[in-house]
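Single-structure report; data block below.
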Amino acid sequence: MHNKTIAELSAALRAGEVTSRELTRHFLERIRSLDGGLNAVITVTEEQALAQADAADARIAAGQAGPLTGIPLLHKDLFCTDGVRTSCGSRMLDNFVAPYDAAVVERLREAGMVMLGKTNMDEFAMGSSNENSYYGPVRNPWDTERVPGGSSGGSAAVVAARLTPAATGTDTGGSIRQPASLCGITGIKPTYGRVSRWGMIAFASSLDQGGAFARTAEDCALVLGAMAGTDPRDSTSIEREVPDYAAGLDADLSGLRIGLPKEYFGEGLDAGVAAAVEAAVETFKSLGAEVREVSLPNTHLAVPAYYVVAPAECSSNLSRFDGVRFGHRCENPKDLTDLYERSRGEGFGPEVQRRIMVGTYALSAGYYDAYYLKAQKVRRLISDDFLRAFEEVDLILGPTSPSTAFRLGEKAADPVSMYLSDIYTIAVNLAGLPGMSVPAGFADGLPVGLQIIGNYFEEGRMLNAAHRFQQATDWHTRAPHGFE
Ligand code: GLN
């Protein structure tokens, strides 16, 4: 049952072969028996899940079901969930019970999805390995000595381990695509503004975007279709109709123009990853696509620009966690300064503190022009690179991550080498473009992800390409040992 896709489970539910309650129990049981070795789930909401499953079964019986009705999922623990702890992977919010549902949670609930619980994540979504969580690291189901990627590593791990058919995530600099790649599943980060950020705890507001993990592009199409749409509560959400992503999946790829950025295939890319991505490109050629080289000349500036913009925005967003208005409060403060200092010092982990300090520095009066303003200008150059490339091609393909899953602890002491693991994903966020990662093979037994980048609002075209690729390959069907 857990190897079936959402599309298959949905058909089984409607045919009466299984009930949502049975499905929900099955996945809850898998979480109970298998998550111990992964640490991917922070909170299980069993009672609520069974009540939602019963409601879904009633809806199915009444003939009012949509394609997601009765399908279980887990939410990344930075989406606010009414009455349920929303920790953001931080001690700061360890005891925070959200008083409302995030827009994404609300929409998927209305579509009839059943929330099983909340997934582990890097604290405040800062990280690429999921080692920055207050709740301990998440382990990769393909090799539990290795990281699942971050910051949505818990969400990627639960889908790869078949503890749920789908999960939500957020991507500020690669946090959906990179863990999807390292865990061998499919993940999509839509265009900035496509999905409401309301109720999604902010890290870097001009970059954060919610999206979906599943095993197939078809399943991502279904979940994204239900998540996406305008929301008056998020002023950056875009007023634009949501296409029927599932309806466009089968379109023929002949004549599709694919660009390979030469900057994505140079130094720093592991040979095994390069080989898998090149083989994937050959598959696209055999499906009728035309492939040419493109150039994104400012790629090398993406990581440095991001590590000014993202910390600057985080230092501002996280100022609300002061132990008074929000968040952990220290014991017996001497005075107000002591209260602020100790509450924030105890509540935030080292990576979050590092970012707040870097960001506060970059925004300070004497340095604003030299760092923040400069980074914003570089950001524009990076967007222009993509716009130029998209005059020539329909989609851009490349590796999602320069390597497969690395070992726990391998990069933890070296933030710069950790930051470089997002070298192919970060520019997409700076430009606000949609991107996805699709399983494209293995290197030394570990999954490799192919990144597909589209022009603004071209999620449908990306999902179509990914779906056709998945019909021609079977990488997305492979299960990690012990989780089959
Ligand atoms: N790894 C990047 C960072 O640490 C991106 C994180 C994300 O996308 N949330 O900021």
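All figures in this text were calculated on a predicted structure; none of them were measured in a lab. One-based numbering, in listed order, for ligands and for the atoms of each. Positions are given from 1, in the same order as the sequence printed here.
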Problem set entry | ligand 1 atoms in contact with S175 (distance to a heavy atom under 4.0 Å) | 5 (C), 6 (C), 7 (C), 8 (O), 9 (N)
For this session: With heavy atoms of S151 as the reference, note each atom of ligand 1 found under 4.0 Å away.
Result: 9 (N)
Problem set entry | Pair N120-D77, side-chain contact (heavy atoms from CB on, under 4.5 Å): steps then yes or no | CA-CA 6 Å; N120 202 348; D77 207 15; over 6 Å; no
For this session: Mark the output for R355 as yes if a heavy-atom distance to ligand 1 is under 4.0 Å, and as no if none is.
Result: yes
Problem set entry | H476 and V438, any side-chain heavy atoms less than 4.5 Å apart | no
Exercise. Out of Y307, F203, F124, whose heavy atom is nearest to atom 3 (C) of ligand 1?
Worked result: Y307
Seminar exercise, completed: For D422, the atoms of ligand 1 under 4.0 Å from one of its heavy atoms are 1 (N), 2 (C)
Problem set entry | Considering all heavy atoms, the nearest W198-D101 contact | CZ3-O, 3.2 Å
Seminar exercise, completed: Y306 heavy atoms within 4.0 Å reach ligand 1 at atoms 2 (C), 3 (C), 5 (C), 6 (C), 10 (O)
For this session: Under 4.0 Å from a heavy atom of G127: give me the atoms of ligand 1 that qualify, with their elements.
Result: 1 (N), 2 (C), 3 (C), 4 (O), 6 (C)
Exercise. With only distance considered, is M126 within less than 3.5 Å of ligand 1 through an N or O on each side?
Worked result: no
For this session: Determine whether the aromatic ring centres of F348 and F124 lie less than 6.0 Å apart.
Result: yes
Exercise. Is there side-chain contact between P434 and K189, with at least one heavy-atom pair below 4.5 Å?
Worked result: no
For this session: Check ring-ring contact (aromatic ring centres under 6.0 Å, His included) between Y361 and all other residues, then give those that pass, not counting sequence neighbours.
Result: Y367, Y371
Exercise. Between Y419 and ligand 1, which part of the residue brings a heavy atom under 4.0 Å of the ligand: side chain, backbone, both or neither?
Worked result: neither
Problem set entry | Proximity flag A310 to ligand 1, non-hydrogen atoms under 4.0 Å | no
Problem set entry | Working for salt bridge (charged side-chain N to carboxylate O under 4.0 Å, His left out), residues E131 and R139 | CA-CA 9 Å; E131 292 165 293; R139 291 167 182 273; over 6 Å; no
